[in-house]
Structures are given as C-alpha cells and as structure tokens.
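A quick note: this is a predicted structure, and the numbers were derived from the prediction, not measured.
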Amino acid sequence: MKIHEYQAAALFSAYGVRVPEGGPASTPAEAEAVARTLQSGPFVVKAQVHSGGRGKAGGVKFANTPEEAAQKAGEILGMTLVTKQTGPQGRVVQKVLVSRAVNIAREYYLSLTVDGTRERVVLIASPAGGMEIEETAKTSPEKIFTQEIDPYLGMTGYQAREMGKKLGLSAAEVKQFIPLCKNLYRLFTEKDCSLVEINPLAVDGAGDLIAADAKVNFDDNALFRHADVAAMRDPNEEDAREAEAAKYDLNYIGLDGDIGCMVNGAGLAMATMDIIQSFGGSPANFLDVGGSATAEKVAGAFSILLADSKVRCIFINIFGGIMRCDVIAEGVVEAARKLAVKVPLVVRLEGTNAEAGKAILAGSGLNIVAAADMADGAEKACRLVKGASA
Ligand code: ADP
Ligand code: MG
C-alpha cells in the first residue's frame with residue numbers, strides 16, 4: 001500500500017526524521033491558512049498523488065507569500081498530473097502539501113527496501129539525489145551505494161557512518177546521518193514497510209539534513225497488524241478494480257489488456273497470463289480466486305471482470321483440486337444473473353466436479369465457448385477478441 005507524501009512526512013516526524021514543517025490542504029484557502037501557520041516564506045506547494053516525478057510534471061511550485069501559496073494551490077488542485085509513473089491517463093490532484101521551502105545546498109538519495117535475492121533489508125544511497133534514481137542506476141551505477149542490514153544486528157552506527165562517508169558528507173553531517181539511518185530503519189521494520197525513500201535528502205544552508213520528499217510503501221500482507229497505517233489508505237489513488245477486489249479478499253491485479261481472467265491458484269493464474277500472451281492476446285488482469293472460494297466470492301470476482309469496460313472476453317481457467325468446479329460455475333451464474341454479460345466466456349473446467357460445473361454453465365443460457373484444455377481456451381479467447389476488433 002502506498003501513502004501520500006504528507007502522511008509519510010508525519011510518520012518521519014514521529015520517528016525523529018526531520019522534515020520541512022507544513023500540512024495538507026484541499027482548497028486554496030486551506031493552503032493559505034497552512035502557509036500562515038508557518039509564518040514566513042518561502043513556501044512550496046506540492047501535488048499529493050501516489051507517484052514520483054511530480055517536480056518535472058509541474059506538480060511542485062514555490063511561493064513567497066501565503067496569498068501566492070493559495071494561488072499555486074489553485075493551479076495544482078484539480079490538475080491531471082501526468083508523470084513517468086502515472087501512465088498516460090495521469091492522476092487528478094485532490095490535495096496539496098504546503099510546506100516551508102528548504103534552502104537546499106545539496107541533494108542526496110536515501111532509501112531502505114527489501115532485496116529479495118539477498119533476503120535482507122538494504123540501505124541504498126547516492127550523492128546524485130533529486131533526479132531520477134532509475135536514470136542514475138543506468139548511466140552511472142558507481143554513484144549508487146548499497147549496504148545490507150543484518151536482521152539480528154539491525155542498522156549499526158558503523159554502517160551508517162561508512163555510508164555517510166561514501167556520500168562525501170562532512171563530519172558534522174555524518175553525525176546527523178547516523179541517527180537518521182537508524183530512525184528510518186526503525187520505521188521500516190516497526191511498520192512493515194516495503195520501501196522508505198527520501199529523494200531528495202537535502203542539506204540546507206546551515207548544514208542540516210532534511211527530508212525534502214517522503215515516500216513510504218507498506219507490505220499489504222502485514223496491514224492487518226497496523227490499523228493506523230491501513231487508515232491512511234486513499235481509495236481515490238487506487239485502481240477502482242483493485243479496491244473492489246480487496247472487499248472480497250481477492251488476489252487481483254488490474255492490467256491493461258482485454259481478456260479478463262478468472263483462475264484458481266497463483267501459479268495457474270500466471271501461466272494463464274503467459275499462455276494468453278503467447279497466443280498474441282493481452283490479459284486484463286491477474287486473478288487468483290483462491291483454493292477455497294465461495295460462490296459469493298466468485299460472483300464478486302466475476303462482477304469485477306464484467307465491470308471493466310476494457311474486457312472483451314472472459315477466460316475462466318479452473319483446475320479443481322480443493323476448489324470445486326461446480327462452486328465456480330454457481331458463482332459465475334449468480335453474477336451473470338445480476339449483471340448483463342455482453343462478452344463471450346471461454347471456459348476450461350478440469351478436476352473436482354468438472355462435469356457438474358459444466359452442466360450448470362450449459363444450463364445457464366450464457367454465451368459459453370467450451371475449451372478442451374488450457375491452450376485451447378487461451379487460443380479461443382484470443383481469437384474471439386481479435387474477431388471482435390476486426
Ligand atoms: P518528486 O520526487 O515527485 O518530483 P519532490 O518532492 O522530490 O517530488 O520535489 C521535486 C523537487 O522539488 C525536489 O527535488 C526539490 O529540489 C524540490 N523541493 C521539494 N520539496 C522542497 C522543499 N520543501 N523545499 C525546497 N525544495 C523542495
Ligand atoms: Mg522526489
């Protein structure tokens with residue numbers, strides 16, 4: 001799960017990581033009021049969307065007075081921000097963060113994330129901060145330093161000190177850098193984060209280290225033990241299909257294609273996406289309905305596929321082991337009764353109660369194309385979609 005910069009900045013503050021003072025605003029008047037609480041300018045007004053690259057896209061503007069902060073907020077609020085990370089459709093800005101502008105002397109990159117290969121949390125830092133770290137990784141990888149953190153020892157002072165030296169920080173700056181790294185690591189582990197990122201970590205004119213940007217992502221599988229984190233969820237920022245799927249506790253990821261997939265088991269779901277691609281098609285989603293889905297859950301899943309206007313064909317690929325094919329069929333028919341099904345369904349049912357499942361679907365009056373096996377189903381789904389667009 002992602003949160004906004006203003007929320008991440010509040011978490012940083014709670015963990016002793018210095019951020020510019022400020023607060024969120026949803027209207028120009030609110031932005032002006034926030035600026036007034038900061039007393040003197042200059043201020044910065046920043047679009048709050050779950051995406052980086054806001055600066056380059058025009059989502060970060062400076063202001064000298066509270067009135068000007070209101071004006072800049074008026075320009076940013078409501079705009080559709082298209083950044084490298086939002087995709088071409090962009091994101092509509094509904095909130096801004098008004099904060100004190102830092103007098104930035106230097107900008108660094110600093111983050112903590114999980115390196116799956118090393119099975120460790122890693123500290124990543126670079127003196128090439130502010131700009132896109134992905135570009136630096138490509139063009140000058142020698143400017144990016146990483147340090148594995150031992151889960152037993154945690155972030156040690158010497159590791160942070162070494163990193164500070166590699167960044168070229170002065171002795172006085174390293175003194176601030178060590179507790180900064182330790183505090184970030186505490187936040188990372190206590191809140192079950194998947195990413196904590198500061199880009200840029202600013203050194204101001206007085207030699208103080210300040211997080212001028214704040215990004216925190218959380219491990220969804222650990223949200224159940226962090227009610228405070230879950231409460232920061234912003235449904236406006238989420239894929240509507242994924243938000244709906246979360247209600248049914250479904251393992252669903254929205255994609256850009258036009259073949260809706262309903263599959264049981266994550267492995268089979270991935271194989272289904274692969275085989276659709278290999279026949280020249282494009283999946284609209286990843287969906288694992290799980291091993292023990294009820295008819296209601298299946299109906300919920302099916303209605304999400306149907307509500308997706310990009311979906312032009314649905315491929316149901318079920319291998320019934322623990323999951324019974326008749327339960328899947330009942331769920332599909334239940335959802336189909338409530339919602340108009342305008343797209344063809346390609347169905348491959350195999351395993352437990354497959355015949356009963358096929359009989360339920362055959363008797364439902366739905367437009368069903370039977371598939372002999374998985375490859376046959378994928379090929380038929382791809383052909384139906386191509387035929388529809390021809
Ligand atoms: P994004 O990463 O989405 O582009 P940032 O928060 O990093 O957004 O802002 C972009 C740039 O704007 C930063 O690299 C920094 O130079 C400048 N900036 C952001 N916040 C402040 C601030 N509080 N004071 C001064 N400059 C800032
Ligand atoms: Mg940034």
Side-chain angles (χ1 to χ4, degrees), residues 1-17 19 22-26 30 34 46-52 54 81 83 85-87 91-97 99 111-116 121 149 151 154-155 183-199 211 213-255 266 269 285-294 296-301 303-304 307-308:
M1 187 187 108
K2 295 180 179 178
I3 55 173
H4 289 295
E5 178 193 1
Y6 77 90
Q7 296 166 318
L11 264 180
F12 279 10
S13 266
Y15 275 83
V17 173
V19 296
S26 305
E30 277 176 29
V34 173
K46 307 172 74 173
Q48 297 296 288
V49 289
H50 288 182
S51 162
R54 295 164 301 167
L81 202 64
T83 78
Q85 295 176 8
T86 59
R91 287 273 166 79
V92 178
V93 182
Q94 302 190 339
K95 271 199 179 87
V96 290
L97 167 64
S99 48
S111 71
L112 284 166
T113 189
V114 179
D115 182 326
V121 172
I149 309 303
M155 175 78 65
N183 289 335
L184 283 182
Y185 184 76
R186 204 159 51 82
L187 163 63
F188 190 94
T189 49
E190 283 182 7
K191 297 290 181 192
D192 290 308
C193 301
S194 55
L195 175 74
V196 170
E197 187 186 68
I198 306 179
N199 188 25
D213 191 3
K215 186 170 178 176
V216 179
N217 296 350
F218 301 93
D219 181 345
D220 287 350
N221 293 317
L223 279 180
F224 72 94
R225 53 186 191 187
H226 301 292
D228 56 334
V229 170
M232 290 193 276
R233 168 164 261 145
D234 181 354
N236 287 325
E237 288 288 327
E238 289 176 5
D239 185 307
R241 301 172 296 177
E242 287 177 16
E244 184 69 13
K247 284 191 209 155
Y248 294 101
D249 194 24
L250 288 164
N251 215 339
Y252 175 98
I253 295 166
L255 301 167
N285 64 280
F286 165 95
L287 169 62
D288 166 17
V289 292
S292 54
T294 57
E296 293 79 60
K297 198 165 163 180
V298 172
S303 58
I304 290 165
D308 187 341

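For the pair Thr83 (side chain) and Arg54 (backbone), a donor-acceptor distance under 3.5 Å is absent. Panel note: side chain Gln7, backbone Met232; a donor-acceptor pair is recorded below 3.5 Å. Between the side chain of Glu242 and the main chain of Gly254, a donor-acceptor pair closer than 3.5 Å is present. Checking side-chain atoms of Asp219 against main-chain N and O of Ser194 turns up no donor-acceptor pair under 3.5 Å. Judged by distance alone, the side chain of Arg241 and the main-chain N or O of Leu255 form a donor-acceptor pair under 3.5 Å.
Using a 4.5 Å heavy-atom threshold, the side chains of Leu81 and Thr86 count as separate. No side-chain heavy atom of Leu97 sits under 4.5 Å from any side-chain heavy atom of His4. Between His226 and Phe218 there is no side-chain heavy-atom pair separated by less than 4.5 Å. Between Leu195 and Lys215, the closest side-chain pair of non-hydrogen atoms falls below 4.5 Å. A heavy-atom distance below 4.5 Å is found between the side chains of Val196 and Phe12. Contact check for Asn285 versus Asp308: no side-chain heavy atoms found under the 4.5 Å cut-off. Here the side chains of Leu184 and Ile198 are in contact, with some heavy-atom distance below 4.5 Å.
For the pairing with Ile3, the side chain to side chain contact (heavy atoms under 4.5 Å, CB included) check across Asp234, Asn217, Val216 returns one residue only, Val216.
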Which atom pairs, donor and acceptor, lie under 3.5 Å between side-chain atoms of residues 246-253 and protein residues at least two apart or in another chain?
from, atom 1, to, atom 2, distance (Å)
Lys247, NZ, Glu244, OE1, 3.0

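The existence of a salt bridge linking Lys46 and Glu5 is confirmed by a sub-4.0 Å separation between a basic side-chain nitrogen and an acidic carboxylate oxygen.
When every heavy atom of Leu112 is checked against every heavy atom of Phe188, the shortest pair comes out as O-CE1, 3.3 Å.
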